[in-house]
Each structure stands twice: as structure tokens, then as C-alpha cells.
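We name chains A, B, ... by the order of the sequence lines, and we start the count at 1 in each one. Since this is a predicted model, take the numbers as computed values, not measurements.
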Amino acid sequence: MKKSLALLLVLTLMLALLAGCASTGNAGASDEKVIKIGVFEPVTGENGGGGFQEVLGMRYANTKVPTVDLGGVTYKIELVEVDNKSDKTEAVTAAQSLMSSKVAVVLGSYGSGVSIAAGEIFKENKIPAIGASCTNPQVTLGNDYYFRVCFLDPFQGTVMANFALESGAKNAAVITQLGDDYSSGLGNFFLKAYEEKGGTIVAQEQFQTNQTDFKAILTNVKAANPDFIFAPSSIATAPLLIKQARELGITATIAAGDTWENTSIIDNAGADAEGVVLSTFFDENDTANPVAAEFVKGFKEYLKANPDSLSKNGGEGVAAVSALGYDAYMSAIEAIKAAGKADPEAIREALTKVTYTGVTGSIAFDENGDAKKDMAYIKTIKDGKFQFLKTVKVG
Amino acid sequence: MTEQTLVPVLELKDITMQFGGVVAVDNLSLQVHRGEIVALIGPNGAGKTTAFNVVTGVYAPTNGQVQFKGQTIAENFPRGKMETLYAGQNKGVYTAKVWPTPDLITKKGIARTFQNIRLFKNMTVFENVLIAKHMNMKAGFFSAAFHLNGREEEQMRQESLKLLEMVNLLDLKDEIADNLPYGKQRRLEIARALATAPDLLLLDEPAAGMNPQETHALTAFIRQIKKDFDLTILMIEHHMNLVMDISDRIYVIDFGELIATGTPEQVQNDPAVIAAYLGVDE
Amino acid sequence: MKLNNKKTYPMLSIAALVVLAVLLILLEINKNTFGMAVSILQKSAILAIVAVSMNLLNGFTGLFSLGQAGFMAIGAYVTAIFSIPTETIDSVYYTGGLAPWLKAMKVGLDVLPGFLQISLGILAGGLVAAVFAALIGIPVLRLKSDYLAIATLGFSEIIRAIISSPQMDKITNGSYGLKNIPGFALGLDFLPAGIGTLLVPFSVAGLCIGFMVLVIRSSYGRAFMAIREDGVAAEAMGINLLKHKEISFIISSFFTAVAGGLLAMFMRSIEARTFQITLTYDILLIVVIGGLGSITGSILSAFLVTAAKEWWLRFFDTPLVIGGVTIPLFRTGFRMVIFSLLLMLVVLFFRRGLMGNREFAWADLLSWPRNLSKKASSGPKTGKGGKKND
Amino acid sequence: MSLTTFIQHILTGVSLGGAYALIAIGYTLVYGILLLINFAHSDIFMMAGYFMIFAMATMPWPIAIPVVIVATVILGVLIEKAAYKPLRSAPRMSIMISSIGVSYLLQNLATYLFSALPKGYPTIAPLKKVFQLGPVSASLVTFLTPVLTLILVFILMYLINHTKLGMAMRAVSKDYDTSKLMGIKINQIISLTFVIGSTMAAIGSILYFTDRMSVTPFSGTLPGLKCFVAAVLGGIGSVPGAVLGGFIIGISETFLTALGYSTYSDAFTFMLLILILIFRPTGLIGETVTDKV
């Protein structure tokens, strides 16, 4: 019994090894000219849902622009996807595996924490990275190799504070997740901006990662009776927070940042989600930008052609992170073209000078590597759908 | 044993051990003198092992005092919940609380074996004995860890080997303790206790589970180690042949109380003992 | 550990070490080509330290502790605070800033070369963990095995909660984690550029494990094992239980924290969430597969499990297509299922793990082919079951 | 804190405590008999959550609930047969490692099968009906949880104290070896223990998740640990103790969070555990046991 089991075990391992070798062997066999672009995104874990939407944007971009011509030679662009599992420890190995795949540039990641963690590795290996939706200032700060196509949390916090005050909310409560830099950071920026502009913060509550019972903190919020509740958090947390708040009879507007633009929140929170407000990078119904209109049309067709992607995307809606993923890919292509070669160092140089009109507006990077953006879209949930409310500009 | 050498080594004074409402040892007093072999006998559940556990520091007595070579090694009086529950005697006589942990008792020179053998089963015979030398090691943690106490370590090993030779286990020194035959395990447990260089050896049913031949060998073995190591021995035993053969004096307890004491002949003819052992005639 | 009379073949050991060193240096020089291997080796070396520390406690002293993640967190945070370059400290603590006294300490330490600052940080991390271990050990180590497990696990969660609490913002940067932690090669200015990525973790691991092996082989190590085998009997042999359990707990925690410090350097950025219970479980997996009570088993297992988990078996997570047919089982998460099944298999059928409680010896390796043929002819000799240490 | 807020917190705390109590019973029963911390119990609870999601997808809730309970019981008993029974003679550490292994396996299996993303828990309409008592508002499940918990505990106590099987269970937990000699079918009793524990976990899971609305593969871990602490706090092996512990932890956790110490709410639970182990290892209403040497 034991012996045969042991044998089985060894055989499985051997098989695994063989398969592993085989799969890596195939990649090197083709003699086609290839430029590899790393996709460093979470497909599982806390941010798996959003991460996948971002990947979809990149995959779609790859079908739109699958090759690039450099000096008369056509190079095929190959996406090398790794899953960082929304986990910093995994992120390091995942990033390392991208490095050993010899990618020229990296795209991602959804979730600032993993981007920060991997940033050092990209920097060390001198591989430029383009973040799509990581909004924490720490991602690009002090890292010459990290760029991003989205706006930053201080900006987003200010936008939401402006919006709250404009809509007549004089008192606000802030709920943040402990140990999460996105949530704590954004909450903090909102708090500062809101108080600076004359609002009053009446309650400040925190909850722990994986906590699912928010009744205690919500009871406190209810007692403070705010007009506006700002609760930036993950997609997983959102429906729970919304439903429990409504159950306790809280009627104030609940608002959050870009992460909440995900249909799973509407699916899970149902009618309670009505009236929720969030800021985001992009609106699919914004027809002012022709690039965006074209992207939305093409992306929807791409989704329809891939039923699996469609179901994981949660329907036909075009998420802002997909648009950002697309823009990140396109900025990379622009930079490769400008550099004229697939050398990472040259691409990094080129990125500092790239200007490109993307789906989410015009993109150029400042000295930190952040996209210069001055506008955010505010959306609300109405009739079970995300609806464009207004745009907010901050000077 | 002749009268002029009566130096008390171990003295139990009014020891009562009570668990909740159950009195396991009731007001037990006994003396063991230098060079004696004393047996503590009694029917199952009489409280013999409990008495051993009090002497070796496993339990703090509820009331009473234990003296070893004239020094108090354990003393206690009923306190807390026991103060109201206490069912023993001599309440209020003892006022100090002395309860050293078992390792300190061993360091003072009392070694013991256990009713159900407690060897370090996955370690070798040699290691089992060598461990007893650890408590007297002079080297501190770091010098031991960095093996700077080479000479001391070597001495510990030599002493252990010598001991194994004296108890006839040298040829088995690299054997895993658990693999030894039963009789050898008993012998090893005694050897391990001897390695702590005790003055007083407590044997808890050393012949349990042995056949007559093995018991006979054990008798000779106990006599021999007593002589070789200049020991005083207190033992619990059910094998009456062994007890009557080897003991200088015998204490008989039943239901925690002392019912008789004296030489083997005196005890054998004591009516109280006969009553307690009725039907357990051996 | 048996006091066997096997020949030790010191020449072979030295040769093996030299070969290992040469291999490591070769890998380092070509680390652009072997990036993945280098990264796996770094992580394995770090986990090997934790695995051996856990084994010292669980396998040799018989104390079932599940507090590893907490002690690693302590080590990681202390090391990080010591080693983040002072000039970038404000950008790391961008919300609240670093506590003035810590900043003053960092400015003061800047007179030392970076390499020394980091070493000091790792040492300090170990010492802080050792102090914590000593303090909580006094009440907790009296507990029976399973209560000890839960209590240490609880302790590890407390540490994590404290680290991420807003009240600690000025020290641990609370929710935001720490970044800009220098990697292994940084600070070693006296070596050629880039050298150290492997040498540093391997030599630290060598020192740590070496020390623990020395302890285990000393009289104290025997006392630990005696406690594992039978606490009551050990006490009757004059061994002070609490003192020896404390020593074992402190050493184990010290080295766990040192490994935590190395992990911080490996990851370059840390947050409290890194040190969850699953981290402890991962290490337990390594120890159990390697064999409770075998140092070489733990080391071997640390390398095997890490490499398999992070590298070789990664393809379990990606869809496998053979001849145009997609094999259904292969998708994200399958790898971890395989690993948990492997653990259960070891626990249920190979309770002794890879090495049981034996250690690697050249003599065994050299006589292996002979033994193998002997075994084949005489049929398998079943050893005793798992160690009895209840 | 106003009276309304206070009452609202009490309600939340008692409801949470009730769910904890039901899970804690599973720990306390298994520990009483096998002296094993069943680390997998928290994941049985988590799996029950997923079972409900799948059951409710195809059937109405009055059918789904018994189906989920049966499925959870089968899972619990299966785990015992596969992972604990073969190790019955092994050292305790091996069984504990085995239970950690099962926990690890269930979590990874759930991640693999259902993804790590939270799945919405189906709404059992009558349970979610919101009641408004003056300014205090809560759904029915909040009121129902503690009541149902107490009813279940009384039934369980009756089973343990007044039936033959219950007597056998008590005997096994008092003295494993002797009960074996007395002809008690040990395996049957152990299975029964797991049946009861899993049933309670399944009911607890329905109440807990209905209130919290989503399940992830790691939903069970932290509540599980807290429930074990609850069992120890009340006195391991004692069912009323587990219930008492559950309520104490539920209420104190709620108030700590309410007072702004949510960081320390988990830490507090474990601090409580360490304190109780030092000062009263037998728990609040446990029995004293003396080790035999």
C-alpha cells in the first residue's frame, strides 16, 4: 500500500516536471520575432474580479495591435500573464517569474499593494512597468521604472470631497479597511480634503480584512447621523457594507472610489445598491471622445466572441479598469515604437516623453511617472446599472 | 539492620494528600534510615504512588512535611478550598509552604522509577542515561551550545558508559530504548535513575509484570546496586516474595492510612495486614 | 539524533560545501538568466531557517507552537525599520511620518555602513522576538500541547493586529506597510556589484541552522528531546521543564524572526497581511513533509516544497492543452489543492515524512545502493510508526 | 452612547454570540471525546455556506435547509473517517496536524472550485424581513439567532443527559479506554459527535451567513478560531460552557468594535484565551482534571 502510494507520488512529480519542461520548451522553439509584454495582475484573491477585467482590456488591446514594426521588422507582441493573487508575498515570485521570462515591459497591477511590492523588482531588473489602475501615490514615488495611466488617490479623494460638498452633504463619515493601503490611503485623502473645504467628519470607523460583520461600526455611524458615507474598500466588502447599512436603517449616501465600479456589487447588494456613488476613470457612454467610442464598441464585440470572458466580466458592461488596461497596453506600444527597439531601458526613456490619446483621455507622464489627469467621472447606481452622473475637474 | 546506624534519610511527617473530597493519603508518617531497604505495600489504590509523588514533588501535600537528610523538602497546610474541605488530621500543625518542582528534588539526591515505565523511548540506551548527567552540568547554555565544554561532556559520557557497564547494559548502549525487552527496560529505568547519583532511590513496582525468574534476577540486581552505589531504597511492590526477601522494614497502608509497620516477619503476622490482604495471599 | 558511529567523511562535506558555493556564485553572476532559480533559492533558504526553528520546537522539544508568522512579522518589521534608507523614510511614512525617537535613532545609525545597519536590524529583530517569546513563554509554555498551539496562534494574530493598528502608525506605518527595504545585494559595497543576492541568505541560513544543530547536539538538545519523549520522566531526571522549554522557545523565536527579517529583504516591501496564519501553515507543511525531528529533512523539504510550489508545479494553475484538448482540471488554484492533498498523504500514510527523525549522513548515501538491493531481497522492513510524543 | 445605540449593539452582539455558540458546540464535543482541536470545523462551517448557495440555486429554502444540513453532516463524518480515524492510535500531534491539513485542503479546494471571490449568500426572504422596534431596526435573523441557539442547546442537553447514546457519549469523554472495555461502540459514538457538531455548524452557518451575505473560502477561519476560544472559555467539553463562551465573545467583540477598537477585537479574543488558560484552565464551568503520573 505504502510503497505503491509512494511510487504514485514520485510518478506524479516526475510527470509534473516533464510537463513543466515541455511547456517552457515550446515557447523558445519558434523562430518568430517576438516582444514579450508582462501582464502582472491578480486573477484570484481579493482583487481577482477587478484584476481579470483589467486583463481583458489588455488582451483586447493585444488583438487590436498584435504586432509592431521596428526598423522594417515585424515583431509579434506576446502577453505573458502571471497571477499575483492579490497577495504581496505571491507578487514577488510572480514578478520574478516575469523577469525570468524576459519581458520588455510590464503592465499592471490592479491593487496598489502588489504593485508597490513588485516595483522594487522591476526597478532592480531595470524593466519599466505601466500601472493601469493602481492609484496609491507610493507606487511610482521614488521608482523611476513605474508609470501609470490613471489618476492618484489624493486626486480621487479630493474629487469625492468636492462632490460631497457640492451635493450638499455637510457631515460625512469615513469607513476604511485596516491594513489595506488603498482603503486607508483614499479614506485619509478624502478626510483631509473634506475638512479643508469646510465639511465636518462626524465618524471615522475601521474594520479588519476579512471582516464580514459591519453592524457594530455601522451602528456608530448611524448614531453620528452623517449625510454622506465614504467607504473605499474592495469589491468583496462593498455589498456587505451597503446591505448591512440599509438594514440598520441608514439612509445617507454611500460613496467610494474606483474599485466599486463592478457589476458584482449590484448583483450581490441588489436593491440596496441603488443610490451608491463612486468616482471612476472612464464612462462607456461618454461619446465626446472618439477613441473611447471605438473602444467600447470593439471591446463589447470582443467580449461577445468569448463567452467565458463575458461571464467573468459580469456581463457586457465596460469597466473603467478594462479601458485603463487597454490604455496601458497602448502606451507601452507607443513607447516601444518611440524607442525603436525592444530594449527595456530605451522603452523607459521613451515612456517619459510619450503623449498618447487614449480611451480615458490624453496620457502623458509627469516626473513621478504619473499620468497627468485632471478629470474624474462620478457614477451612481440606478435601476441596477451604473449611470453617469457628472464629471468633476480639479485644477 | 543494626541499631547503631539509624540515621534517618527520609522522613514523612503527617502527610495528607487530598484531591477534592477524596483522601488519597491520610496522615502518613514514615522513616527510612541510611542503608535500609524499606518497602511500602498495600492493596491497589491504597495511596502508595501518591505518597511517592508527594516525595518527588509531583504533588504538593495538602498537609504535612517531608524531610530529606534533615532538611525540609516539602511542607504544606490546607489552604483555599481545602481549608474547609480538609478531612485529614493535624490541621494547623504545619504553617510553611515548601513545594519544589520534581527536578529540584532530584538534584537533592532522590531518584525514582515509575509504575508504568517512562523511558525516553525513541532515544538510545546510552542517551537515556546520559540525560541524567545534564542537571549537574557546569557549562552554561552558550558554552554547551558551542561545545566549549568538551572535557565535561567527555566526562559525562565516560561516567554514563561506566554506569551502563556496572548494570550490564553496555552491549545494548546504541539500541533504541523502546526496542529493549521488558525486563531490560525496567533495568534501564533503574540505571537511568542511578545516573543522577542519588542517595535515596524510590522504586515504584519494579517487578510489575515480571515472571518468577525475572523477579529473582531483579532481587539480586537491587541488592547489588544498593551495595555498589551505597544506596537507601524505598520501594512499592506487590510481589510479596521479593518484598519479604529484600526488605529490612515494611510499611503497610490501606485507604491512605498506615495500618502496620515492622520487619517482614512482624508484618506477615499482623492481623490488620492479613485482613487488608484477605484473598490476596501470595 | 542518534549517537551513531557512522563515519562522518569530513572531506566529502567540505567538498560539497565548496561545490555549493561555486554553484551559488555561478548562479549569482548569471542571475539575469536564472532569475527565477535565484529567487526560489533565496526564498527556500529563508524558509529553511524557519522550518528548522519550528522543528527545534515542535519536533525536538515536542512543543506544538503555531506562532511562527507572528515572530516573523516582528523580525520583518524591526529589520525593515532599521534598513530603510533614512533619506527615503519620509516618503515611506507618507501619512503620519516616523516617530521622532526612531528617526533620531536612524539618523544616529547612519554613521555605520549600510551593511552593518541591516545586520544590526536583523539582530535587533531577533532580540525583540526573543524578548517577546520569553515573556509570553512563562504563562503559555505551561499549557498542554494543543492549548499551546491555539495560544501561540492567538499570539501571532495579536501581533498582526497591533502592527496594523492606527495607534502604531508612527512605528509600523499601520495599514500602509513598509517599502524601500534594501535587497540582499545592497549595502555590501565591498563586494563586486550585485554579488550577495544568494550569498547573504545562504550564509545567514548556514549560520542560523548551524547554531541550532550545535544546540541540538549539545546536552541541552538531549534535554529537549527528553522533554519531548516524556516530560514527567525528564523532570524526574532533574531537568527544569519550564527553563528548558523557554530556552527552546526563545531560540526558535529568535531565528524565526531572523528569517522574518530576511523575508522582508526578499520581498522589499511588507505589510501586516503578509504574516497571516496561512504562512504558519505553509511552514508546518514543510516541516511535516521533511519529517518532524529531522533537521536535514526540514532543509531538504524547504527547498523541494518551495521550488515545487512556486516554480515546477505552477503549470497546474494554467490551462493545459495537450493535442488541442484542454485538460479540465488545470486552472488557478489547482496547485494548492495538489499541495494540500500531498500534505494529507504524508500525514496519513507517510507519517515520518521524507526523513523521519533521521539525519542525512554520507555513510547512508554511500551505502545506499547496497542497502537498496539488500532491502529488495529481504522485503521492506517496516519501521516503527511515528514518534510517540504525547 | 445613547440607549438606542446601546440596544442596537446588544442585539448585534447577542446575535453574533448565538452563531458563535452553535459553532463552538462542535469544537467542544469533539475535544471532549477525541481531545482534538478540530481545525477543520471552521471549514466545515464555511463549506456549509457554499452548500447553501448551490442548494438555493435550484430549490426553495424550506427544502434547501435540510439538504444543506445533511450535506454538511456527510462532509463532517467523511472527514472524521478519512483523516482522523486512521490516526486513532497515533500521537495527538499527528491528529492535530491532520486536522490542520484538512482545513488547508478544504480552503484550497474551495478556492479552486468556487474562486476566492466572495459569493453572494442567497436570501431566505422571511429571515431577512426587517423589523423596526422604535428606533432600533434589525432583520428577523438577528432576533431569531439567539432564540434558536438556546432551543437547540436545550434539545442537545436533553439528548446528552437523558438518552442512552448521550450517556455513552458522556462515558467516552470521561474515560475513553474504560468505555471501550465496557462495550461502547467507540466509532459509532465518535461519528455521532461529528453528526451533532456538523448539524450545529450547518445551522450556525445559515444564521451567520444570512446575516453577513457572502461566503469566501476563508470565511470560516477567524470565526472558527474565536469559537474554539469560546469553547475553552466556557470550559472545554461542556456544552453550556460553549454557549456561554460564545455569547461572551460575541458581545464583547461587538462592543470593542463599537468603541472604536476594532483593531483589537480579534486580539482581545486571544488575549482572553491566554488569560483564561493561565488563571482558570478548566474554563468558566469546566471540571477539574488531575493528571495521573
Side-chain angles (χ1 to χ4, degrees), chain A residues 1-3 5-6 8-9 12-13 16-17 19-24 43-44 48 81-83 85 87-102 113 116-121 123-125 136-138 141-143 176-181 183-185 188 206 208-210, chain C residues 32-40 43 88 91-92 94-95 160-161 163-166 173-177 179-183 185-186 263 266-276 279 306 308-318 320 322 332-333 338 342 345-346 349-350 380 382:
Chain A
M1 175 68 171
K2 271 190 187 178
K3 266 201 141 179
L5 264 169
L8 197 77
L9 205 71
T12 324
L13 274 172
L17 264 174
C21 295
S23 64
T24 48
V43 188
T44 54
E81 291 177 19
V82 291
D83 178 10
K85 297 183 145 190
D87 179 283
K88 275 195 180 178
T89 324
E90 290 283 340
V92 177
T93 11
Q96 199 65 57
S97 80
L98 279 181
M99 296 300 99
S100 57
S101 312
K102 300 267 161 282
I116 294 171
E120 293 288 333
I121 292 174
K123 186 174 157 188
E124 210 163 82
N125 288 276
N136 191 294
Q138 289 275 296
L141 208 63
N143 188 339
T176 54
Q177 178 180 348
L178 282 167
D180 183 89
D181 33 17
S183 175
S184 303
N188 218 353
Q206 282 119 2
Q208 297 216 327
T209 310
N210 296 333
Chain C
N32 290 333
T33 331
F34 300 106
M36 198 64 193
V38 168
S39 148
I40 295 295
K43 198 169 181 187
T88 65
S91 77
V92 173
Y94 66 102
T95 46
R160 206 165 61 80
I163 285 175
S164 63
S165 73
N173 211 17
S175 296
Y176 310 99
K179 67 161 204 164
N180 281 358
I181 304 164
L186 298 180
L263 189 72
F266 171 74
M267 289 177 57
R268 317 298 296 275
S269 78
I270 50 169
E271 59 180 352
R273 251 189 298 180
T274 312
F275 303 97
Q276 282 175 347
L279 180 62
T306 310
K309 205 159 125 186
E310 307 280 351
W311 192 14
W312 299 337
L313 301 187
R314 233 173 223 287
F315 71 93
F316 277 130
D317 271 5
T318 48
L320 181 69
I322 294 177
T332 305
I338 298 274
L342 193 69
L345 218 62
V346 170
F349 301 107
F350 306 93
T382 41

Seminar exercise, completed: Cut-off 4.5 Å, heavy atoms of chain A, and the answer for C:I270 is backbone
Problem set entry | Under the salt bridge (Lys or Arg N to Asp or Glu O under 4.0 Å) test, residues paired with C:R160 that sit two or more places apart | C:E157
Problem set entry | Which portion of C:S91 sits near chain A, non-hydrogen atoms under 4.5 angstrom | both
Exercise. Do C:S39 and A:T93 pass the side chain to side chain contact (heavy atoms under 4.5 Å, CB included) test, and can you show the C-alpha distance, the side-chain angles, and the key distance before you say yes or no?
Worked result: CA-CA 7 Å; C:S39 148; A:T93 11; 4.1 Å; yes
Exercise. Which residue out of A:Q206, A:E120, A:Q208, A:Q177 racks up the most heavy-atom pairs below 4.5 Å with chain C?
Worked result: A:E120
Exercise. At their closest point, which heavy atom of C:A272 faces which heavy atom of C:I163, and how far apart are they?
Worked result: CB-CG2, 3.9 Å
Seminar exercise, completed: Most heavy-atom pairs under 4.5 Å with chain C, out of A:I116, A:D180, A:D83, A:L141, belong to A:D180
For this session: Would you confirm whether C:K179, through its side chain, and A:Q138, through its main-chain N or O, come within 3.5 Å as a donor-acceptor pair?
Result: yes
Exercise. Can you list the residues that meet the salt bridge (Lys or Arg N to Asp or Glu O under 4.0 Å) rule with A:K123, with sequence neighbours excluded?
Worked result: none
Exercise. A:N143 versus chain C, heavy atoms under 4.5 Å apart: side chain, backbone, both or neither?
Worked result: neither
For this session: Among the options A:D87, A:T176, A:N136, A:V43, pick out the one with the most heavy-atom pairs lying under 4.5 Å from chain C.
Result: A:N136
Exercise. A:I121 and A:Q96: side chain to side chain contact (heavy atoms under 4.5 Å, CB included), yes or no, with the steps?
Worked result: CA-CA 7 Å; A:I121 292 174; A:Q96 199 65 57; 4.0 Å; yes
Exercise. For C:N173, is it the side chain, the backbone, both, or neither that has a heavy atom closer than 4.5 Å to a heavy atom of chain A?
Worked result: neither
